[in-house]
There are 2 protein chains.
Amino acid sequence: MGSRGQPEESRAAILQAAAKEFAELGIAGARTDAIAREARVNKALLYYYFKDKETLYGAVLDHAFSGMKAKVFRVLDSDLPPREKIMAYAGEYFDFIASNQIYPKLMQREMMRAREGNSVHIDRLIKTYFQPIYRRVGALLREGIAEGEFRKVDPAHFVPSMISMIVFYFSSAPVMQRIVRFNPLSPRRIAQRRAAVLDFISAALFQPRAGTAMAVRKSGVRT
Amino acid sequence: MGSRGQPEESRAAILQAAAKEFAELGIAGARTDAIAREARVNKALLYYYFKDKETLYGAVLDHAFSGMKAKVFRVLDSDLPPREKIMAYAGEYFDFIASNQIYPKLMQREMMRAREGNSVHIDRLIKTYFQPIYRRVGALLREGIAEGEFRKVDPAHFVPSMISMIVFYFSSAPVMQRIVRFNPLSPRRIAQRRAAVLDFISAALFQPRAGTAMAVRKSGVRT
DNA sequence: CATGACTAATTAACCAGTTAGTTAGATTAT
DNA sequence: ATAATCTAACTAACTGGTTAATTAGTCATG
């Protein structure tokens, strides 16, 4: 009680509980009472740290996307050649999502909300995260094409294709689990998925050449 | 007013308005008043035809998915050889979604809701629609592999990969539009996407053989 | 004149956001 | 040193606007 409990801890607990609730139920379905209960704080504390529900939701989005951007840009800023870099990018993105499985849900929710006026956050998110990443990956693809390494794909289609294969798998896992008999989120299956995605991408992107040794980086992922 | 207006029309108007509202805002965000207004009927009429909001939502889902299943099964039941059939399947699925763009939103919403207990509908949807389609496409893939036409892909990964590329494009279009300068939903771009998806799939699935003439059914578009 | 189609008005529950505080510890005054 | 004062962190209880759902009926037609 009282003024203890390290404010940072409380704030972080709220943010984490909110991320879970928003990812699962969306902003309309999320209940501030549930977030407070999950974070083990009084509901009024949410409003002490964040202006309102919408602002809290925005903070959750920024937290998730900034983490992703940081990870992914470390790869995109490296000086790998195009083939290795695009594989490393996809792998890094995959690993981020595999260990932050609320991210794909938040992302898809926000994508669907992005009709004019529906989301106060989407413009900021696009400008801060999506646009820079898209530009960078697009440039990488054009570079690979120019060097004759990649097939002449259209980045505006290829980028969303890559993202979709990674993001969709995780957000559809609960349904998948009921269709097939195994658990799509077991470490074994996640590793398989990683390999499948990278295989799919290289098959669709790389210009076939002699002795194509497909480079599928091993995955250090936990569930 | 009174007992006129053909009940079928009213029911259909409600269903259509509800589909739009649910797709855009999810079940929690949807407002029954908005649905009634959009359908130009009194709100109580929703409850005359459907037990409650949740039941109406279920009816919307069944309507959307049964339409899709019918379309897709006409292809899957045909006697095309594996290569042509899988392309025809993907093409048909793509065309269905392209002309029913609320479908991908409803689908993704329901996928994210599918945590134990969260959705009353998911078990029925899986049993009635997803499971049968998945089994049929899985069998088709295994057939193609057995005949040496397809690479040895894992259906449990390949099927969601195909679906994701098709579904994700449409639900992410509003965001994409703000990242790139063109409209991803223009007929021209949709045709391009169709070609890109089919190209992507054939590149990743077909066993390379001499004289590979890529078969891109109708809407003959180049990337 | 019964029945299916439909509605205006109302109700009950829910839930985001507020209020009016309390508590614990840091800071200053004595 | 210690009492007085301040402030950030936190909470129990409440409020009012919103919204799903119901009620009690009207209207048209076979």
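Protein chains get the first letters and strands the later ones, always in sequence-line order, with residue 1 at the start of each. No hydrogens, no waters, no symmetry mates; every other heavy atom, side chains included, goes into these values.
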Among D:dT19, C:dC15, C:dG4, which nucleotide sits nearest the side chain of A:Arg31? C:dC15
Looking only at the side chain of A:Tyr47 (C-beta and beyond, no hydrogens), which of the listed nucleotides D:dA9, C:dC6, C:dT18 gets closest? C:dT18
Nearest-Å distance for atom pair CG/P, residues A:Leu45 and D:dT11: 6 Å
Taking atom types as modelled, is there a side-chain donor on A:Ser171 or B:Gln108 under 3.5 Å from an acceptor on the other? no
Calculate the interatomic distance between B:Lys51 atom NZ and D:dT22 atom C1'; express it in whole Å. 13 Å
B:Glu54 CD to D:dA21 P, in whole Å, measures 9 Å
Rounding to an integer number of Å, can you tell me how far B:Asp52 CG sits from D:dT19 C1'? 14 Å
Going by atom types alone, do B:Arg124 and B:Ser119 pair a side-chain donor with an acceptor below 3.5 Å? no
The side chain of A:Lys43 is closest to which nucleotide in this list: C:dT18, C:dA5, C:dG17? C:dG17
Taken to the nearest whole Å, CG/A:Leu25 to C1'/C:dC14 is 15 Å
Would you say C:dA16 has OP1 or OP2 under 4.0 Å from some side-chain N or O of A:Thr32? yes
Whole angstrom is fine here: how far is it from NZ in A:Lys53 over to P in C:dC14? 15 Å
Do NZ/NE/NH1/NH2 and the carboxylate oxygens of B:Arg11 and B:Glu8 come within less than 4.0 Å? no
Is the phosphate of C:dA5 approached by B:Tyr48 (side-chain N or O, under 4.0 Å from OP1 or OP2)? yes
Minimum-distance nucleotide (side-chain atoms of A:Asp33 versus D:dA8, C:dA16, D:dT19): C:dA16
For B:Glu54 and B:His121, does a side-chain donor sit closer than 3.5 Å to a side-chain acceptor? yes
If the threshold is 4.0 Å, N to carboxylate O, is there a salt bridge linking B:Glu24 and B:Lys105? yes
Side chain of B:Ala44 only, please: which of C:dC6, D:dC10, D:dT22 is the nearest? D:dT22
Reckon A:Ala30 touches a base, only the sugar-phosphate, or nothing at all at heavy-atom distances under 4.0 Å? sugar-phosphate
How close or far is atom P of D:dA9 from atom CD of A:Glu8, stated in whole angstroms? 9 Å
Among C:dA5, D:dA20, D:dC10, which nucleotide sits nearest the side chain of B:Tyr49? C:dA5
Integer-rounded Å distance: D:dG25 P and B:Asn42 CG: 17 Å
